[in-house]
There are 2 protein chains.
Amino acid sequence: MQDLLFDFLSKYISLTEDEKNAILSLDIFHSYKKGTILLKEGQKSKESYFVLKGCIRTYYVIDGEEKTTAFYTEMEALTPPCVISKNPSEYYISCLEDNILLVSNSDMEAEVNSKFPRFENLCRILSEELLAKERIDFDAFKTSSPEQRYLNLLQKRPDLIQRVPQHQLASYLGIKPQSLSRLRARILEKKS
Amino acid sequence: MQDLLFDFLSKYISLTEDEKNAILSLDIFHSYKKGTILLKEGQKSKESYFVLKGCIRTYYVIDGEEKTTAFYTEMEALTPPCVISKNPSEYYISCLEDNILLVSNSDMEAEVNSKFPRFENLCRILSEELLAKERIDFDAFKTSSPEQRYLNLLQKRPDLIQRVPQHQLASYLGIKPQSLSRLRARILEKKS
DNA sequence: GCAATCCGTTCACTTTAGTTAAGAAATACT
DNA sequence: AGTATTTCTTAACTAAAGTGAACGGATTGC
């Protein structure tokens with residue numbers, strides 16, 4: 001399981017054995033059962049997550065309704081906005097599946113960053129990459145219709161459509177579950 | 001004009017005179033006339049922008065139509081995705097107004113980062129903040145209707161509604177110009 | 001194993017956005 | 001200033017998403 005992490009990191013920098021051991025000694029690998037809530041609305045937190053296995057989702061509760069806005073799967077990282085802003089969280093994070101996560105907290109990160117300056121460099125590069133990716137995704141969302149968004153998802157992340165309940169996918173696409181059902185029926189009809 | 005930059009940076013770290021001079025010696029302040037195109041689709045680029053005065057916008061040309069996806073105004077920064085991915089740009093960047101911009105390129109940044117490690121730390125913090133902010137904005141977009149998005153914009157960035165042409169605002173809100181006109185008329189009617 | 005709940009789909013109906021077109025208003029051009 | 005172009009608004013019509021309700025099918029919890 002550690003290898004998954006180090007293989008991923010090796011795309012960015014090559015770590016020495018010392019550095020790898022320093023990371024491992026932090027004891028940051030954790031397992032969570034499906035359904036576990038990692039963060040609740042209103043809570044403060046310093047924890048960031050990196051998914052080694054499984055899937056976590058972020059959702060808001062607006063007028064009593066869950067609005068799912070993101071899924072994070074294998075090799076994806078999430079630092080909740082509340083960790084950055086130091087305010088209570090606006091949303092929930094829960095485990096969609098049984099997960100193995102890497103959990104870090106911001107104090108720990110600050111310490112590692114000062115001990116291993118190259119780690120700071122890695123973090124900067126990673127977050128710049130994530131920001132660029134997030135902006136592209138946002139742009140694609142703005143410039144396309146719900147149907148195009150669904151077709152796009154089918155292309156880019158077919159796994160999500162399999163592993164995620166429809167009603168959560170719907171709000172992820174910015175629509176209601178009924179609309180997603182209808183939209184899918186429409187697509188099937190066009191094909192035939 | 002430099003003071004604008006240093007005042008902004010002072011919120012994150014306090015720079016020494018040496019560091020300030022190092023930044024100034026890079027000669028990164030530039031003026032651009034309204035309408036100037038900073039980046040075209042298909043071009044490669046290493047340039048990042050920080051707006052000191054004015055407004056720049058990013059837009060795609062899809063089926064011959066301009067789709068505006070973002071505006072950057074005073075004290076906002078933009079590193080185009082193509083700078084990160086090192087691929088040709090998918091979009092255009094143009095000056096919506098006469099601008100004074102801080103223009104850096106990634107080679108220059110790498111050099112400054114290695115000379116002044118604290119600068120790397122600053123960059124990491126800034127891009128982590130921007131990522132958190134971008135995700136919140138994306139979430140808000142997904143979970144609200146065009147009308148709510150417009151009302152939200154009216155609250156959060158009233159200046160944009162003044163300085164940006166309607167048809168560009170429309171695609172920024174993910175709708176057609178005609179729909180924005182109609183939606184505004186609808187809101188006015190409700191008020192009365 | 002049965003009841004209760006949740007989930008996905010369908011339907012009828014309402015509301016809103018997309019489309020096409022036209023005209024008025026603002027802007028840019030020479 | 002006068003013309004041309006672009007931008008904004010309005011309108012009529014079409015297409016798609018929201019809403020409320022109903023139905024089976026799956027899942028969960030005693």
Side-chain angles (χ1 to χ4, degrees), chain A residues 33-37 55 57 59 61-68 71 92 94-98 141-154 160-192, chain B residues 33-37 55 57 59 61-68 71 92 94-98 141-154 160-192:
Chain A
K33 280 256 168 269
K34 173 176 176 172
T36 306
I37 293 186
C55 179
R57 80 182 236 269
Y59 63 96
V61 175
I62 299 174
D63 298 330
E65 253 189 303
E66 279 189 17
K67 304 266 192 178
T68 298
F71 302 101
Y92 296 78
S94 85
C95 298
L96 207 68
E97 306 173 352
D98 288 348
F141 195 95
K142 274 183 187 164
T143 58
S144 58
S145 66
E147 185 171 327
Q148 288 171 318
R149 278 175 221 151
Y150 176 77
L151 291 170
N152 187 47
L153 192 68
L154 211 53
L160 272 192
I161 293 176
Q162 297 309 315
R163 64 209 286 197
V164 170
Q166 298 285 329
H167 67 286
Q168 291 174 9
L169 264 188
S171 54
Y172 180 66
L173 294 170
I175 57 177
K176 302 283 162 180
Q178 297 95 318
S179 297
L180 178 55
S181 263
R182 179 169 41 198
L183 176 162
R184 296 175 75 215
R186 203 164 58 218
I187 291 172
L188 280 178
E189 208 161 290
K190 279 184 197 165
K191 276 192 189 166
S192 63
Chain B
K33 281 253 167 272
K34 173 176 177 172
T36 306
I37 294 186
C55 179
R57 80 182 236 267
Y59 63 96
V61 175
I62 299 173
D63 298 331
E65 255 189 303
E66 278 189 17
K67 303 268 193 177
T68 299
F71 302 101
Y92 296 79
S94 85
C95 299
L96 207 68
E97 306 173 353
D98 288 348
F141 195 95
K142 273 183 188 164
T143 57
S144 58
S145 66
E147 186 170 324
Q148 288 171 317
R149 279 175 221 150
Y150 176 77
L151 292 171
N152 187 48
L153 192 68
L154 210 54
L160 272 192
I161 293 176
Q162 297 309 316
R163 64 209 286 196
V164 170
Q166 299 284 331
H167 67 285
Q168 291 174 10
L169 263 188
S171 55
Y172 180 66
L173 294 170
I175 58 177
K176 303 283 164 182
Q178 298 93 320
S179 297
L180 178 55
S181 265
R182 180 168 42 197
L183 176 160
R184 296 174 75 214
R186 203 164 60 219
I187 292 172
L188 279 178
E189 208 161 290
K190 280 185 198 166
K191 277 192 188 164
S192 62

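Chain A is the first sequence line, chain B the second, and so forth, proteins listed ahead of strands; every chain is numbered from 1. Everything numeric in this text was worked out from a predicted model, so none of it was measured.
- Atom CG in B/Leu96 sits roughly 11 Å away from atom P in D/dT7 (whole-Å rounding).
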Protein-nucleotides 11-19 of chain C N/O pairs closer than 3.5 Å?
residue: C/dA17; atom: OP2; partner: B/Arg186; partner atom: NH1; Å: 2.9
residue: C/dA17; atom: OP2; partner: B/Arg186; partner atom: NH2; Å: 3.0
residue: C/dG18; atom: OP2; partner: B/Lys176; partner atom: N; Å: 3.2
residue: C/dG18; atom: OP2; partner: B/Ser179; partner atom: OG; Å: 2.7
residue: C/dG18; atom: N7; partner: B/Arg182; partner atom: NH2; Å: 3.0
residue: C/dG18; atom: O6; partner: B/Arg182; partner atom: NH1; Å: 2.9

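- Evaluated for a salt bridge (charged side-chain N to carboxylate O under 4.0 Å, His left out) with B/Glu97, the options B/Lys33, B/Arg163, B/Arg57 yield exactly one hit, B/Arg163.
- The aromatic rings of B/Tyr92 and B/Tyr59 sit parallel, their planes meeting at an angle under 30°, below the 60° perpendicular limit.
- Rounded to a whole Å, the CD atom of A/Gln148 is 15 Å from the C1' atom of D/dA17.
- In this structure, B/Glu65 places its CD atom 14 Å from C1' of D/dT7, rounding to the nearest Å.
- If you measure from atom CZ of A/Arg184 to atom P of C/dG8, you get 9 Å, rounded to the nearest angstrom.
- Summarising the geometry, the separation between CG on A/Leu169 and C1' on D/dA17 is reported as 17 Å, rounded to the nearest angstrom.
- The nearest whole Å value for the distance from the CG atom in A/Leu188 to the C1' atom in C/dT9 is 13 Å.
- Pairing each heavy atom of B/Gln148 with each of B/Ser145, the nearest pair is OE1-N, 2.8 Å.
- Look at CD on A/Gln166: it is 14 Å from C1' on C/dC6, rounded to the nearest Å.
- Look at CD1 on A/Ile187: it is 15 Å from C1' on C/dT9, rounded to the nearest Å.
- Atom NE2 of residue A/His167 and atom OG1 of residue A/Thr68 lie 6.5 Å apart, to the nearest 0.5 angstrom.
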Evaluate the side chain to side chain contact (heavy atoms under 4.5 Å, CB included) criterion for residues B/Leu153 and B/Leu169: first the C-alpha distance (whole Å), next the side-chain angles of each, then the deciding distance (0.1 Å), finally the verdict. CA-CA 10 Å; B/Leu153 192 68; B/Leu169 263 188; 3.6 Å; yes
Under the criterion side chain to side chain contact (heavy atoms under 4.5 Å, CB included), I'd like the reasoning laid out for B/Tyr172 against B/Val164: C-alpha separation, chi angles, the key distance, then a yes or no. CA-CA 10 Å; B/Tyr172 180 66; B/Val164 170; over 6 Å; no
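- In this structure, A/His167 does not reach the C/dC6 phosphate: none of its side-chain N or O atoms is under 4.0 Å from OP1 or OP2.
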